[in-house]
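If you're wondering where the values come from, they're calculated on a predicted model, not measured in any experiment. Throughout, protein chains are lettered first and strands after them, A, B, ... in sequence-line order, and every chain is numbered starting at 1.
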Amino acid sequence: MTDLAHAEEAGVPVPLTTRKDWSSDQEVRWCPGCGDYSILSAVQMLMPDLGVRRESTVFLSGIGCAARFPYYMNTYGMHSIHGRAPAIATGLATTRPDLDVWVVTGDGDSLSIGGNHLIHALRRNVNITILLFNNQIYGLTKGQYSPTSEVAKVTKSTPFGSLEQPFNPLSLALGAEATFVARTHDMDRKHMIETFRRAHAHGGASFVEIYQNCNVFNDGAFEEITGKEHRSDMLIPLVHGEPIRFGAEAEHGVVLHRDGSVEVVEVADVGEPALLVHDEHRDNPGLAFQLSRLSRGPYEPTPIGVFRDVERPEYGAGMSRQIEESKAKRGPGDLHALLRSGSSWTVD
Amino acid sequence: MSDTTTDPKSPHPIDRVVIRFAGDSGDGMQLAGDRFTTTSALLGNDLATFPDFPAEIRAPAGTLAGVSAFQVHISDHDISTPGDSPNVLVAMNPAALRANIDSLPGGATVIVNVDAFEERNLAKAGYEADPLGDGSLSAYTVYEVPMTSITTEVSKDAGVKPRDAERSKNFFALGLISWLYTRPIEATIGWIGEKYAGKPLVMEANLRAFKAGYHFGETAELFESSYEVKPAVLAPGEYVNITGNTATAWGLIAASTRSGLPLFLGTYPITPASDILHELSKHKQFGVRTFQAEDEISGIGAALGAAFGGALGVTTTSGPGIDLKSETMGLAISLELPLLIIDIQRGGPSTGLPTKTEQADLLHAMYGRHGEAPLPIVAAKTPSHCFEATMEAVRLAVKFRTPVMLLSDGYLANGTEPWRLPDLDDLPAIDPSFATETNHTDSDGQEVFWPYIRDEETLARPWAPPGVPGLEHRIGGLEKADGSGNVAYDGPNHERMTRLRAAKIAGIARDIPPTEVDDEDGAEVLVIGWGSTYGAIAAGVQRVRARGHRVAQAHLVHLNPFPADLGAVLGRYKRVLVPEVNLGQLSRLLRAEYLVDTVSFTQVQGIPFRAAAMEAAIIHQIEGMTDIATDTPGDLLAVVPGGAPTTPTRPSGNANGAVGGSGTGKATATGEPNRTGDGHARPTANPTPPTGKVSE
């Protein structure tokens, strides 16, 4: 870019900001009690900590309740069309490597209408941070089932129950060759902030699923695991390099069987050395995939935290490198020479 | 070389010739035609080409479906079409002969690879008897040349397997035609050496076949003489031979260079647009980023994202791809960001005719989005004009902060013509003029940036890519409040914004040149077209004038908005004839906009108009024979000329040359010509002009 990244280049220090600096003047219009509020607060609280500039930060979204998010951030932003935000973000992030590009999406937006864009953005490892608000329902269109709704879900469009097997968003992301995959939930601000911080720090595409409560159309969908009184027994915090344990007394744990499957056990039964030690950096995503499927739904002990964080070349950087290599090899573009790159002849 | 015709050995001078190379899709006919074209361009001929190939990469060998052809028209004077019908057909097998023979005028030359005329191939082509022996080709001068056997024979001692050697027969054909039309062979010999440097055996086989073909012409005493087409008198300058797609790609690079905007192409491969991606992906030293997206939607989405970031965002597509991009075009219209959508039109609907040309996306470009969603449309008229049209489309997109559609088509994309290289200093300036500061004082006295405050003259909003402190803003597809750009749902604001968006696009009429009319005093008929029909219309007009008639020609590059004076121009003529390779889309727009009783002349056979058909249609108007038809479905069906053509070629015209009967096009009109006013409907007729003798 010619002059757009000037503050960065001029070495102007990043100004100190507070949460308020990152909040736009627009009135937030989600339903009272919506889980989106706590996610917005977590992001706005995190931003001053990241050492980034407001003018170099862009929030992009598609359509859905979550997609209003960019209007509430005092940064650059675009509220685009249904499912297409990862595609739009790909063009922005690859042409503007100086920017921090965030994509805010929902289960309908990125797993249904925009599924194709999501998996390819992950596969290419475009340098974007994707926050998927998963509330297992279509909120903005007033309560139809979504691609993450459980089988037999009764909604306005499925009065006799949904017939569809839901997506497991983390399994999908891992299958799509994602390099950073994490899960958090809207009832734990601290966990959200730490997870978002990790996602932002990762080079390439980061994928964070956020269990988010829709108190109007799918209230309590995650209550069994995220409710304060259930959390210790139902949420399994993943910590890199540590044995996977949970419970008020860390009395539960996860073991890896010889056939590659994982299972929740009582630590007392197997002994601490038998527990699986979490490794985010495994090149093979197989184990992360197993962990993503440890729970069949938000009613069984469910891992949260960073499942996978591996290094792979970032797409936009690769594009920029090819440009630099071409310039070094052939010199900067010369239009006069280009027009004569085939056979030319002169008429006098 | 001598000019004299007294020496029987010296080449016989001719002013022009149309040659069609035809064979199996795997026979290398496109390559042979392309090499012949390059040599002719270097020799200084004016030329136009028309590659015509099937959608299948390798249709069953020897069948009619698998025939691939390349037609080239070379001339010692200015020409504008690849020629109506070939003077020379090179047919590598019976299917190639059968698929093309109907398009040859009597007396044409046919050179066949006689080795391929054996029972199996004849049967595959649907011949019951060998056409070389049954007298069915008596109207033509037929040369039977054993191309396969000579080609394999000459490479026998070069260590090439006969099966591999046989593949070089296209070079034999090229060598033979090069001799017949006195083309220098050094350039092609050098090209073969370079192209196949890594495959010495293939290089050797190709070289030997090429030379053998050339020497065969010289020594076989089969041909009475060779021919020579002298260089054309072209305006002084430096020339290259260029396809429309290459010119488009170069136009994008030029626009990027001139504007300082980094070029980003987001696209999904589709025929016949992919060559723009291929060409651009080679030129990364210009800072070009090419993104092969997961689908058409992602291609335009990424381009729009790049535009939001301050790049020159471009997407290319064709056929069904343009349907898929409609949603994002609507977003770009709402966001008011510069974006270029390039549509290389092909036959539709649906998958339609992927490798054949059509110009039937005009109404889609005009209206193919929900809501009131206008955008400017620019159309290229010749292969080399794609360069200029591309730059113009970018200029409008950047100046007016709007998505722009550039229409090209399969004929322009793959066709070639010599292009006089422009002086780089003459290329239009394109100034992105990004927003750099706040532009509004809010009620608290704060200096703020409002993304939808418009330039008074252009009505364009500021383009403020991320990176500038104090200009942070959010935009989206929801309706925006005039000025602040905040989400606004109220009716009066929506109406104001809708009218502002429409007025901005309509106002572009003040920024584009007036209609260029090639007029002759006293002409009562105006022929007006757009896009790739330019060459055929120009050739038709030329023929009509040569017959002593007066006719005016105009060709639209800007289709939305139209030039400001277009209504007045149309009003000056008694008849307005609108030839199009669709069912009358521009004609419909002109009628709606100007209440002019246009006469629509249409054809949709996947190929360009012929000059002869154009000539007949114009003459028909001049002689006042236009019969007024009612534009009913039944009438539309009557267009199919004498039953649908059964071969890939076009039906020939009436032997007596009379207008009417079976032919290649149709003129229809609704209501009365606007100045006659006699109120009487005239009887329906199908004034379908015949294809005539080739003479441009």
inquiry  = Just so I understand: if I count every heavy-atom pair under 4.5 Å between each of B:Ile300, B:Asn486, B:Ile253, B:Leu261 and chain A, which residue has the most?
reply    =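 Between B:Ile300, B:Asn486, B:Ile253, B:Leu261, the count favours B:Asn486.
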**Item:** Which of B:Gly477, B:Gly287, B:Ala232 touches chain A most, by non-hydrogen pairs under 4.5 Å
**Value:**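 Looking at each of B:Gly477, B:Gly287, B:Ala232 in turn, B:Gly287 comes out on top.
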Measuring heavy-atom distances to chain A, does [X] have an atom under 4.5 Å in its side chain, in its backbone, in both, or in neither?
X	answer
B:Leu312	neither
B:Ser334	neither
B:Leu471	both
B:Val233	neither
B:Ala235	backbone
B:Leu42	both
B:Leu421	side chain

Under a 4.5 Å cutoff for heavy-atom pairs, which residue among [options] has the most contacts with chain B?
options	answer
A:Lys327, A:Met319, A:Arg340	A:Arg340
A:Thr94, A:Val347, A:Thr57	A:Val347
A:Glu325, A:His79, A:Glu324, A:Lys329	A:His79
A:Asp348, A:Asp334, A:Leu338, A:Asn74	A:Leu338
A:Tyr71, A:Tyr315, A:Trp345	A:Trp345
A:Thr346, A:Thr75, A:Leu99	A:Thr75

Over all atoms of both residues, closest heavy-atom pair of [X] and [Y]:
X	Y	answer
A:Ile113	A:Arg84	O-NH1, 3.4 Å
A:Thr17	A:Pro48	O-CB, 3.2 Å
A:Pro147	A:Tyr138	CD-CE1, 3.7 Å

task: Against chain B, label A:Gln26 side chain, backbone, both or neither, depending on which of its atoms sit under 4.5 Å from a heavy atom there.
output: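 The answer is the side chain of A:Gln26.
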**Asked** With sequence neighbours left out, which residue pairs that include part of residues 110-129 of chain A fulfil the ring pair (Phe, Tyr, Trp, His ring centres under 6.0 Å) condition?
**Response**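 Qualifying pairs: none.
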Rounded to the nearest 0.5 Å, the CG atom of A:Leu122 sits from the CZ atom of A:Phe207 at a distance of 6.5 Å
Rounded to the nearest 0.5 angstrom, the NZ-CZ distance for B:Lys284 and A:Arg321 is 10.5 Å
Can you name the residues of residues 60-70 of chain A that have some heavy atom under 4.5 Å away from a heavy atom in chain B?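 A:Arg68, A:Pro70 fall under the 4.5 Å cut-off.
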key: Ionic contact status for A:Arg124 with B:Glu294, cut-off 4.0 Å   = yes
Self-check item: Lys/Arg N to Asp/Glu carboxylate O, A:Arg123 vs A:Glu177, below 4.0 Å
Solution: no
**Prompt:** What's the verdict on ring pair (Phe, Tyr, Trp, His ring centres under 6.0 Å) for A:Tyr72 and A:Trp30, showing C-alpha distance, side-chain angles and the deciding distance?
**Reply:** CA-CA 11 Å; A:Tyr72 308 136; A:Trp30 286 309; 5.1 Å; yes
Between B:His473 and A:Tyr76, does the ring pair (Phe, Tyr, Trp, His ring centres under 6.0 Å) criterion hold? Intermediate values first, please. CA-CA 5 Å; B:His473 65 283; A:Tyr76 286 86; 5.3 Å; yes
So with a 6.0 Å cut-off around [atom1] of [X], is the heavy-atom count from everything else above 12?
X	atom1	value
B:Phe36	CZ	yes
B:Asp426	CG	yes
A:Arg19	CZ	yes

In terms of side-chain heavy atoms, does B:Thr246 have a donor or acceptor partner in B:Glu279 at a distance below 3.5 Å?
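The answer is no; no qualifying pair exists.
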